[in-house]
Structure formats: structure tokens, C-alpha cells
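Remarks on the structure that follows.
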There are 2 protein chains.
Amino acid sequence: MLARELDARKQQILWAVIQEYVARAEPVASEALCQRYGLGVSAATIRNGMHALTEMGYLYQPHTSAGRVPTDRAYRLYVDWLMAGHPAAGVEQRLSAAERERIRRRMQSKDHPEDALAEAVQTLASLTDYPSVASTPDGPRRLQRLHLVPLSDQRALLLVVAEGAVEQRVVRLQRPATEDDLRQVSQLLTRALAGLSVSEITDGVAERIAAAVPDQADLVKAVVAQLRRYGGLRTGVRFFVEGVSNILKQPEFQDVRRARPVLAALDREEVLRDVLLPAPTDVHVRIGRENPVGEMWSCSVVAAAYRVRGRTVGVVGVVGPTRMPYARTIALVRYLAQALSHSLSYAV
Amino acid sequence: MLARELDARKQQILWAVIQEYVARAEPVASEALCQRYGLGVSAATIRNGMHALTEMGYLYQPHTSAGRVPTDRAYRLYVDWLMAGHPAAGVEQRLSAAERERIRRRMQSKDHPEDALAEAVQTLASLTDYPSVASTPDGPRRLQRLHLVPLSDQRALLLVVAEGAVEQRVVRLQRPATEDDLRQVSQLLTRALAGLSVSEITDGVAERIAAAVPDQADLVKAVVAQLRRYGGLRTGVRFFVEGVSNILKQPEFQDVRRARPVLAALDREEVLRDVLLPAPTDVHVRIGRENPVGEMWSCSVVAAAYRVRGRTVGVVGVVGPTRMPYARTIALVRYLAQALSHSLSYAV
DNA sequence: GCCTAGCACTCAGGCGCCCAGAGTGCTAAC
DNA sequence: GTTAGCACTCTGGGCGCCTGAGTGCTAGGC
């Protein structure tokens, strides 16, 4: 099965150039392909093919007497071909049983979602040697439980238990409340709000609940106000990032002027949001200029959705140079997202 | 008042070299000092002084026909002199009222300690343009309250309220427990453990509590086990880091081989631990080789303790090149630690 | 006795030059 | 359609030169 547009030979050559360039990070010469890949033809023939591929926009020649470098377009073709289920040419797409086992072991028995996410990005960063990112679980979560815990005379802690996540907020008390007061309000709120998602909590709902306990109306309103902030952007999705310095290991980022924009982008939540979200259905690969953020045009992003009890709630992935062993990276990210899904479904 | 060893002229020259080098990041020539600083003597005389300072180890000459660069030792002398209460030569050590106001405003009304820390490192990174780090509150915290909240049949959430911090842990239930069971155990544990620090919880204590409620002994033990892990290293101090890519703005880190070790170090918690902790009493400055970690020998760390209700619990600071406007940086870090202390004491 | 003007000396870094080596495109033969 | 051969192009490294910056030293001045 061939990629559209390319005959068998051209595809063979293109895949070989990609593989060679990924491995060596230097323009690939016809001679090198001839020696290292059993293409069964001479360097001159390969040159013809490379010439054609260059005219078609799949290869690029830094200067006249240099070899060829794959373009974003070539990587895209290659990745589409991989994603259509083809075995990667010469590269093992599947992870070995031992690797799977190692990943599974690292990801299991994380009690807390944050621990699981931290472990996920650490694992991914160490396995790929690329900066790794994960978003915290998000989505139209339904509230399960609200608990108020006294902290002091002026403050109580609001514990929000929702599907797949627990958050704490501090609520200020207008006047001291006893532990029983807090428990009563907690139960009332839980009964009234369980099953709703944060966005469904309107002022009307707040009023209705407050009416039921006139002497704790202030407290109820304060809690509802906090809940609505909790649904807001500021406290919503956050990101775990690990191994940003890995990008500096890559030859294409030896120049600080190239590397800095990328590192700066990885520091900024809005950028991560744009680059990673919305969550893909399976694995998503964005190559170079396909990225929505200019700072990332020299990078590829491989990301996969993770799920909690079947529902997609977040994304985990890596950021690397466009010159990337896609088959392996995709397999790793995909498997890690599965392991994370499993760990989270189990945890909360 | 003079620094030991140096006469008035030498000190004047040294401070001027430092100031000039901090501003321009290039070896400082005698002529330049003569023109830009009113030292009242000719370039030749300044040269004599610079020569002496070089022999004394305060200045360094990259090559014969270059100007002078301050050594770590020079910065140390300068910082000691600053910390002894001297006004910075030519640099305003104090922050302007407007700056203080801006910092205060950014730091106020953060309900949650994590928000306050995140805001602190963001503020510091944007004001200094250096990577900024803060440790989460730590110390021999006394427990105040324990709460168990049902999550499902198999799991409960353990909420640990201690001085200046709240943490969540998941506890696995051997067998289903009712909400009342959990409340009862929560109250029992709170009564037994409030006022103790985590390290004081021994097996004996656990046994004693468990004996009081034989039918919930498993649960009690599970909670105590979690508490002791909570005191352990893994879940103890964490770090907030912001603006790591700022280091690449500095001329001394234009070479990736210089920059990468520093960035990699900032990625690693153990390193941050060694570099930032233990918490200093006031502001602590570590210059170049004074740092306990080799990767940081080309950097200076300016860190200050922050307090919750008077007790030092954490550290906030910046990592920059040794060529740093110490007076300003120290003032910023000190003030930010104060603002953070205030914000945290208020928050939890 | 300290300061300064003048001067010789040193050295890094930029520029131009050359050359080797790598890799191509083309052409002619198979 | 493929291949061998060859001329051509271009980069990058090495080399030498030269300029400019900055010093250290010395001799003279207040």
C-alpha cells in the first residue's frame, strides 16, 4: 500500500531519508542511502528520485552540494502512513513487552491524581528525552460531594469532590460557625448540587438553597461563589511539565535564539493550552507549522488523550523537534496515556 | 566605612567595576570607569588600582588586552558590604513605593497557599527576569485536624489540616464504611493526634487509637500509614518554578553547553532542595562556587525565608548569573518573601 | 610621594583567501 | 530505465593579516 502521489521507489527513498535524518540530524546523501539501505539501485538512481521528491516538496536541500532534509510535508505523509496502520519502515513501532511492563509499573499505585500526572510526565520525559506535558483532568465534571471543614473562626476549607478530581478552596466566614453548622451546610449543599456540573450552578440555585437555611445564607452564598470561581479559567486546567531542558540536547536547538522561544512557550500556560487542547480522540501529531502557535513551528507535538472511567478529561504528550522518531514516540505517548487513564480511573 | 583590606580608592574602583560589568556584561576598561564614574583621577591611576585588585583576587582579566571582570570573591565582598547595611553605590537598594504597592497588590487575596506560591514565583520572575523558585511550606507542623471524606466503597479521602498547610491523601478501605463511621474515626483521630507533629506519630500511638475502635482498626492503621508517608520525603517539600527560560536571556548563557546544566538542575527537585534549603534566617546569597551543587557554580542564588505566623516554613528566591544587580535583587526577594509570608499567614 | 601623560606591547577577533571534500546534476553508454 | 563518470558548486575549516582595544611601564609634573 502506497501513499498517494508516490510510486514504490520514491516512497522507499523518502522513508529512508526520514529514517536516516532522524538518526543523524544531518542532510542525507544519496551515497549514504545506497550503502546503508538495501534499495537495490545505485546512488545515481536514488539521486533521480531525490530530485523528484525535492520538486514535489517532500525534501529540501540546504545548499547545492548538500544532501537532503525531509520537509514538514514529508513527515506529515509519513505519520499519516504510520497512523493508517502500517508498520514503521525498519523501526519497531510496537513497544517491547519489557518496556510496557516498566511503564505499567511506574504508573501504577499512584493514590493521588497529581502524583499520577507527575509520574506520567517524568516517565515520558525520561523515555523520550523530550519535554513532556500533561494537562490536569478537566471537563464538565459533575459534583459529587461538598465538605466544609473548619480552619479557624474566620475561615473554612471547602472540599470539592467531583468526578476524577478533588479540589480545595478557602471560604471566609462572616461570623464563626460551629462544626455542626458546617456539617449541616455541607450536607445541604451536597444534596442540592450533587450531579450538577459547575456551569449549571446559577444564582437561582444559590438563592433556593440559602432560603432553606436562612441563618447560614451568607455561608451558602460564599460557597457557591467559590464554586463558580472554581469553574472559571484561572483554577481550571493546569499543566505538569517535565524535562524542558531536554530540548537543548537536540542539535537543532543548539542555537539559543532557536531554543529560547520554545522554552519560553513551554513556560506559558496559554501556549500549552493552545498547543495541547482540545483533547484528541486518539494520538494527535502536530508537525512544525501545523502548530497553532508560532513559537512551536520548529517543533512537533505528539499528544494523546487520557480518560477517567471512559471519558476524555485531559491530554499528555511531548514536544520535540520535527526531526523525531515518530513511530516510537507515538507508541510511547499512546501507551502512556493508556497507563495514565488506568491509574486515574483507579485512583479517584 | 570600608570593607576590610581595601582602601577607599580601591573600594570605589571595585564597586564601579561591578556596577559597570553588571550593566554591560563586558570586561570593564579603565578608560570607561574614568569617563562614566566621577572618581576624580585619571585612567592611569585607575589602572594601578585595578592591577592591585587583580593581584588580590577581586578582579580577573580574560586576556592581556582586555578589561577586568569581577570575581566571585569581589561579589561576595560587595554583597557582605550591602548586607551590613550600606547603601548600594549608585543603585537604589530600596524599592520605590510604587513597586512595593504593585507587589503587595499582586500577592494579596490568594486564598490557597498554592495560588500564593504560584503568584510569588511569577511575580519574582517577571520583576527580576530570572528563573524563580519557591519551596512549599514545610517544617515540624503540628496537626490540627483530620477529616475522612467518602469517595467510593473502596476509597476515602483523607484531609490533613496542619499549621499553614492542607493536604489530601487517598486511603483505601478494606471494607465499606458509612459516612458516620468515617466521621467517628475522623473525630477520634483528630482528638488523638491534634497538636502532634507527623514525626511524633509512632506505631504505639496507632495501636492505642485502634484499640479504642476495634471494628475500625484497619482504617485507623491505614490513615496512620498515610500520615507517615505524608511526612516522608516524597510528598514533603515540593517546588514551584517559573521563568526558567529567562536564564537564556543572559549573555553568559548564550552557549547552550553552559545553559543546559543549569536548566537541567532547575528541573531536578533534589538540586533545588540542596540549593535553596535549609531556609536562611533573612536573605541568603550564594555566589558561584559557594553553591553546593556543581551545576550552579556559574550562578548566584538569592533566597529568603518566608514565614507563616512567625515560623519559617519555606524559601523563595531567584537563580541568576553571578553578574547580577545584587542590591536590587536582594531587595526584591526580601520584600517578596515578606509579602508571601503575609499572604500565607492570612490564607490558612 | 602620589598622580598623570605618553608610549610600547599584547592579543582577540574580524576579514579575506584558499583549498579540500562532499554531494549534486547531467550526459552518455548499457 | 539504470548506471558510471565527470564537471560543477558550495560549505566550512585553516591560515595569515591587520586593526583596535586595553594594558603595564616609565618618565616627568604637582
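Order of the sequence lines sets the chain letters (A, B, ...), proteins ahead of strands, with each chain counted from 1.
For S65(B), no side-chain nitrogen or oxygen approaches OP1 or OP2 of dC11(C) to under 4.0 Å. Taking side-chain N and O atoms only, R68(A) has no distance below 4.0 Å to OP1 or OP2 of dG23(C). Of the side-chain N and O atoms in H51(A), one or more sit less than 4.0 angstrom from OP1 or OP2 of dG25(C).
Under the 3.5 Å distance criterion, with hydrogens and angles disregarded, a donor-acceptor pair is assigned to the side chains of T54(B) and R68(B). Side-chain atoms of T329(B) and Y130(B) form no donor-acceptor pair, as typed in the model, at a separation below 3.5 Å. Q250(A) and R323(A) share a side-chain donor-acceptor pair at under 3.5 Å.
Put simply, CD1 on I46(B) is 14 Å from C1' on dT23(D), counting in whole angstrom units. The CG-P distance, from L33(B) to dG22(D), rounds to 11 Å in whole Å. Rounded to an integer number of Å, the gap from CD of Q35(A) to C1' of dG23(C) is 13 Å. We find that CE of M50(B) is positioned 17 Å from C1' of dC3(C), with the value rounded to whole Å. Rounded to whole Å, atom P of dA12(C) lies 6 Å from atom NE2 of H63(B). One atom, CD of E31(B), and another, P of dT4(C), lie 12 Å apart when rounded to the nearest Å. In this structure, L59(B) atom CG and dG22(D) atom P are separated by 15 Å, rounded to whole Å. Per the geometry, CG belonging to N48(B) stands 16 Å off P belonging to dG1(C), to the nearest Å.
Taking only side-chain atoms of A44(A), from C-beta outward, the nucleotide of dA4(D), dG24(D), dT11(D) with the closest atom is dA4(D).
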For R273(B) and F239(B), run side chain to side chain contact (heavy atoms under 4.5 Å, CB included): C-alpha distance rounded to whole Å, both residues' side-chain angles, the deciding distance at 0.1 Å, then the answer. CA-CA 9 Å; R273(B) 200 179 302 274; F239(B) 293 90; 4.2 Å; yes
Name each donor-acceptor pair under 3.5 Å that joins a side chain in residues 286-293 of chain A to protein atoms two or more places apart or in another chain, with its distance.
from	atom 1	to	atom 2	distance (Å)
R286(A)	NH1	V275(A)	O	3.0
E290(A)	OE1	R76(A)	NH2	2.5
E290(A)	OE1	I287(A)	N	3.0
E290(A)	OE2	R76(A)	NE	2.8
E290(A)	OE2	R76(A)	NH2	3.4
N291(A)	ND2	G288(A)	O	3.1
N291(A)	ND2	M296(A)	O	3.3
N291(A)	ND2	C299(A)	O	3.1

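No donor-acceptor contact under 3.5 Å links the side chain of T64(A) to the base of dC10(D). For dG6(C), its base sits under 3.5 Å from the side chain of R47(B) at one donor and acceptor pair at least.
Nearest-nucleotide positions on DNA chain C place V41(B) closer to the 5' end than the other of P62(B) and V41(B).
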